[in-house]
Amino acid sequence: MVLAIWHAVVMALTMAWEILWALILGFLLSAVVQAVVSKEEMSRLLPDDRAGTIVKACGLGAASSSCSYAAVALARSMFRKGANFTSSMAFQFASTNLVIELGILLAVLMGWRFTVAEFVGGPLMIWVLVVLFRMFLPRSLVEEARRQAELGVQGRMEGHAAMDMSLHEGSLWQRANSQEGRTAISHFFVMDWASLWMDLVGGLLIAGALAAWVPKHFWQVFFFEAHPVLAKIWGPLIGPVVAVVSFVCSVGNVPLAAVLWNGGISFGGMIAFLFADLIILPILNIYRKYYGWKMSAFLLATFHVAMAVAALVVELVFGALHLIPQERNARVMEEAISWNYTTWLNIGFLVVAALLVVRFLRTGGPAMLRMMAGEKMAHRHG
């Protein structure tokens with residue numbers, strides 16, 4: 001038993017080492033974007049659910065933190081300040097499925113085709129969701145959700161969602177390269193790590209355990225790998241269900257997605273699994289607190305349908321274009337750390353991370369970190 005646990009832990013640690021530089025790079029780029037893009041005007045920019053507004057919501061979401069809990073909290077905050085509910089949900093999806101760090105991590109672990117599929121399927125999923133909302137979401141349910149939202153019931157990562165240290169003056173380069181900009185970048189960088197480390201560690205441990213303990217034959221049977229047509233349909237339907245019960249969200253579910261891909265889940269099923277970080281059980285409970293039971297159930301149903309439909313379309317399109325990888329060799333099975341280019345990249349980016357952490361510590365970061373779990377926090381530079 002001890003050897004089996006040790007095997008799983010070693011697998012998790014080697015996966016962590018494999019993706020470390022990519023995570024640091026992704027969080028750094030995300031921090032830079034957050035430092036130069038203000039949250040202040042987001043609510044004003046999302047007054048309705050017209051096509052142009054939805055595109056803005058996707059852009060704003062892609063420029064925000066990838067933390068699922070912070071995205072959900074920020075979407076509620078925007079809704080309370082007057083943003084359209086549908087646009088707020090589009091923002092929420094984009095902020096966890098169209099962010100830089102997710103794309104980098106997918107490319108490193110699974111290859112560029114999966115990154116392309118994520119960034120093609122994400123907007124498609126949001127479009128399907130908007131259509132579903134227009135067809136089935138009654139105004140009375142939105143008003144009921146707004147009344148519940150106004151109660152201000154606490155969820156998780158409220159302080160991180162409220163935090164806005166972005167700069168507003170000068171060009172994007174001037175903002176990022178100024179003293180205030182570098183401080184804001186360091187704060188966003190550390191705050192994002194602080195908000196996501198549990199999901200990252202959880203995802204790696206679960207992925208390590210599944211890779212070490214679950215025979216590939218089980219996954220092949222569970223995902224109907226021997227029945228290609230059935231697998232294409234089953235994958236997008238069951239992928240979100242696996243995500244719901246795995247409790248892992250945001251970029252933390254990428255290592256587990258790699259394990260599922262190696263195990264035999266369909267291409268579309270793997271994409272649907274990645275989409276489903278916003279319907280895991282803890283977040284469904286937050287929807288209940290934020291918007292009430294009825295809206296929570298409505299979001300679960302429509303989110304699942306949107307994920308499955310978008311993933312199935314991605315499967316069919318990528319299959320027709322011969323872009324689905326034929327080999328299942330995602331990088332999760334290495335059991336030893338070797339001295340290669342990954343090691344050099346990790347060392348270089350660890351130095352960068354250390355510099356950011358030092359700046360964070362010297363510029364009042366720890367005090368902000370202690371406040372991050374609070375409901376109200378607004379800290380600005382410049």
Side-chain angles (χ1 to χ4, degrees), residues 19-45 56 59-67 69-71 73-74 77-78 81 91 94-96 98-105 157-197 200 250-251 344-382:
I19 64 176
L20 180 59
W21 71 268
L23 282 172
I24 295 173
L25 175 59
F27 281 116
L28 174 59
L29 293 175
S30 175
V32 171
V33 172
Q34 291 180 77
V36 299
V37 177
S38 173
K39 296 177 182 178
E40 186 175 303
E41 295 184 299
M42 286 184 178
S43 299
R44 183 182 62 80
L45 292 173
K56 291 178 184 176
L60 292 169
S64 68
S65 167
S66 64
C67 174
Y69 295 102
L74 182 54
S77 176
M78 294 162 61
K81 294 177 181 178
F91 167 89
S95 63
T96 58
L98 299 178
V99 289
I100 301 168
E101 51 266 48
L102 176 61
I104 294 175
L105 198 55
M157 300 310 297
E158 302 283 348
H160 185 54
M163 180 177 62
D164 189 0
M165 300 175 294
S166 57
L167 308 181
H168 308 112
E169 298 179 359
S171 66
L172 296 181
W173 171 252
Q174 289 172 332
R175 297 179 195 178
N177 198 43
S178 65
Q179 290 288 337
E180 295 84 357
R182 287 194 289 271
T183 297
I185 289 169
S186 72
H187 284 223
F188 278 119
F189 179 82
V190 176
M191 295 292 186
D192 282 352
W193 276 101
S195 65
L196 284 168
W197 74 269
L200 289 168
S250 192
V251 293
W344 286 109
L345 285 170
N346 282 342
I347 292 173
F349 278 98
L350 280 170
V351 171
V352 173
L355 293 174
L356 290 168
V357 170
V358 169
R359 190 175 188 91
F360 171 83
L361 294 173
R362 291 178 174 177
T363 54
M368 289 186 62
L369 193 58
R370 288 190 292 268
M371 295 170 61
M372 196 168 68
E375 180 183 9
K376 296 181 180 179
M377 180 177 66
H379 185 95
R380 302 181 184 280
H381 292 260

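When all heavy atoms are compared, the tightest approach of Thr96 to Leu102 is O-CD2, 3.6 Å. Nearest heavy atoms, Gly61 versus Val99: O-CG1, 4.0 Å. Contact detail for Met191 and Phe360: the closest heavy-atom pair is CE-CE1, 4.2 Å.
To the nearest 0.5 angstrom, Ile185 atom CD1 is 11.5 Å from Glu180 atom CD. Rounded to the nearest 0.5 angstrom, Leu105 CG and Ile100 CD1 are separated by 13.5 Å. Of the inter-residue distances, the one linking Leu345 atom CG with Leu350 atom CG reads 10.5 Å to the nearest 0.5 angstrom.
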> For Trp193 and Ile24, what are the C-alpha separation, side-chain angles and deciding distance, and is it a side-chain contact (heavy atoms from CB on, under 4.5 Å)?
Replying inline: CA-CA 9 Å; Trp193 276 101; Ile24 295 173; 4.0 Å; yes
>> Applying side-chain contact (heavy atoms from CB on, under 4.5 Å) to Leu20 and Phe349, what does each step give before you reach the verdict?
In response: CA-CA 8 Å; Leu20 180 59; Phe349 278 98; over 6 Å; no
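Within the structure, side-chain hydrogen bond (donor to acceptor under 3.5 Å, both in side chains) contacts touching residues 348-362 (residues at least two apart or in different chains) are Gln179-Arg359, Thr183-Arg359.
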